Amino acid sequence: MDTIFGCTYMVLAPEHPMLDKLIENSPDKARITDFVREVRNETSLERVQTTADKRGVFTGRYVTNLINGRKIPLYIANYVLMEYGTGAVMAVPAHDQRDFEFAKRYGLPIEVVIDNPDPSSRGAGGGEAISKAYEEDGVMVNSPGFDGMGNREAMEAIADHMEKKGIGKRTVHFKLRDWLISRQRYWGAPIPVVYCEKCGMVPVPEKDLPVLLPEGVEFRPTGESPLKSAKDFVNTICPACGGKARREIDTMDTFVDSSWYFLRYISPNADDRPFDTTDVNNWLPVDQYIGGVEHAILHLLYSRFITKVLCDMGYIGFDEPFKRLFTQGMIVKDGAKMSKSKGNVVSPDALIDKYGADTVRLYTLFIGPPEKDAEWSDRGVEGAFRFLKRVWTLQEIMEKAPETGDADAKDALLRKMHQTIQKVTEDVDGEFHFNTAISAVMELVNHVYTGLNEKGEECYDKACLKQVIENTVLLLGPLVPHIAEEINERLGSKESVFCRQWPSFDKGMLKADTVEIPVQINGKLRGTISVASGLAQEKVQEAILADGKLSAWIEGKQVRKWIVLKDKLVNVVVG
Ligand SMILES: [Zn+2]
């Protein structure tokens with residue numbers, strides 16, 4: 001629409017129904033008909049390939065570009081398909097590469113109407129000198145009344161103008177290929193239609209549905225519907241007049257079924273109808289769709305289409321089948337997509353035999369953000385196994401722990417635990433970031449082991465460790481169910497880990513356990529001190545005096561005043 005002033009010729013698809021009439025009296029009729037016959041031998045795919053030769057023939061007719069009253073030639077071309085829109089397109093060679101190639105070949109005018117901001121693209125001789133079509137956004141030129149506007153803005157302005165003048169109106173075109181219906185193959189649902197010599201096409205009445213596929217049919221490719229050979233199936237009687245009739249022998253593609261199976265899942269026992277509207281409206285739409293990117297243009301499109309139709313017909317009360325879409329990445333190994341032919345497929349069975357199902361689950365979830373492709377690593381599996389062993393051993397450590405431990409160590413560990421609960425809760429809820437959730441639990445477990453190493457084996461008391469293990473197990477439950485359930489039971493829980501409440505975190509415990517406080521001496525920043533957050537003033541003073549670098553500024557002088565802003569700043573006034 002924005003490029004309408006640059007339309008220098010029109011093209012019809014060779015299959016266009018108006019063509020015969022248009023060329024009826026043309027002296028060139030034979031040549032045009034030959035061209036049409038030739039193009040019809042090419043597949044749609046061949047014709048729309050960008051590399052394909054753009055060929056066409058002039059019809060001898062002209063049409064008027066209503067925006068500027070200009071008379072422009074009407075062509076037929078192989079690159080325009082009847083399946084797209086109306087089978088008639090305005091050609092704008094300066095801004096569409098296919099039109100550009102076609103115009104070059106047949107010497108048609110090329111007129112720039114959206115300015116390419118790159119000056120090197122502009123040839124000295126005006127429009128014809130451009131070396132390829134400019135298909136991006138830009139500023140309008142050579143479009144009287146709209147020059148200087150951005151092309152997006154001009155689209156609306158031109159549509160307004162044309163509607164006001166009564167030479168055009170806005171419409172939306174929907175396009176869905178109908179290849180789901182009428183496949184010449186065996187598998188797929190039969191189309192419930194019969195053909196009667198007297199009554200014509202008659203739908204199979206509801207009481208006779210579903211029409212089942214006949215068995216024992218030869219379905220080697222012959223170019224014809226395999227059901228044709230199943231005489232018992234084909235020959236039937238007309239539901240309307242009782243006379244001889246034939247069944248439809250094409251089938252529906254399996255996509256027809258997969259486009260609404262989620263409705264059937266709600267009512268698997270409804271024998272007299274596809275689904276129960278009340279139940280379906282109670283349970284659906286589907287909360288979460290998870291699939292590979294290959295579904296984005298087929299399954300999602302068809303299921304949305306069918307849902308919208310069923311909604312319009314009043315069978316269901318929603319017009320989108322899925323509330324949320326998540327597209328997962330692929331697992332690659334040795335740089336290639338796993339495939340049997342490449343011999344780089346990882347067998348989960350072998351890994352499960354060696355490490356157990358939990359390890360394989362954990363590693364698969366840990367491998368990376370689920371929306372991204374990820375590289376499989378056998379060493380990574382080993383790492384996941386080691387981590388689970390460390391989780392398992394925590395319980396033995398707890399059994400040997402003292403009743404009372406180090407208060408600071410306990411405080412730091414519990415802070416870490418609450419931070420971990422918060423992180424995992426946020427990461428797994430909705431975003432599926434299991435990898436970072438697992439990473440957080442690993443940090444928590446490491447914190448325990450590091451503490452034991454650095455502060456001694458008696459640093460954590462038994463109750464504190466038990467609390468940490470319990471929460472670790474609850475957080476890991478959905479990810480590694482078997483080991484989580486086992487540890488949960490060994491801790492004495494009577495309730496399955498899956499029936500227990502998801503852990504909650506204490507907001508007051510989320511703050512970092514240590515803070516970096518800037519230290520000034522007489523108002524000048526001389527360094528920082530790292531202390532436990534909320535530490536009392538005397539303790540902060542002690543820490544500063546014990547710090548070699550900071551105390552050097554104070555040594556030999558009289559401290560006149562300590563100015564301490566808790567957790568924020570210390571200023572020592574000396575003189
Ligand atoms: Zn009949």
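Note that ligands are numbered from 1 as they come in the structure, with each ligand's atoms numbered from 1 the same way. Predicted, not measured: the structure shown is a model, and the values here were computed from it.
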task = Output all residues satisfying salt bridge (charged side-chain N to carboxylate O under 4.0 Å, His left out) with Lys323, sequence neighbours left out; order by chain, then residue number.
result = Asp287
task = Classify the angle between the aromatic ring planes of Phe322 and His299 as parallel (below 30°), tilted (30 to 60°) or perpendicular (above 60°).
result = tilted
ask   = Should the ring pair Trp260 and Phe275 be called parallel, tilted or perpendicular, given that the plane angle runs from 0 to 90° and is split at 30 and 60?
value = tilted
query = In the shown structure, where waters are left out, how many protein N, O or S atoms lie under 2.8 Å from the Zn ion (ligand 1)?
reply = 4
query = Below 4.0 angstrom, N of the basic side chain to O of the carboxylate: do Asp34 and Arg31 qualify?
reply =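 No, Asp34 and Arg31 are not salt-bridged.
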message = Checking Asn281 now: which residues fulfil side-chain contact (heavy atoms from CB on, under 4.5 Å) with it, not counting sequence neighbours?
response = Thr277, Ile316, Phe318
Qualifying ring pair (Phe, Tyr, Trp, His ring centres under 6.0 Å) pairs, either residue in residues 50-71, two or more places apart = Phe58-Tyr62, Phe58-Tyr75
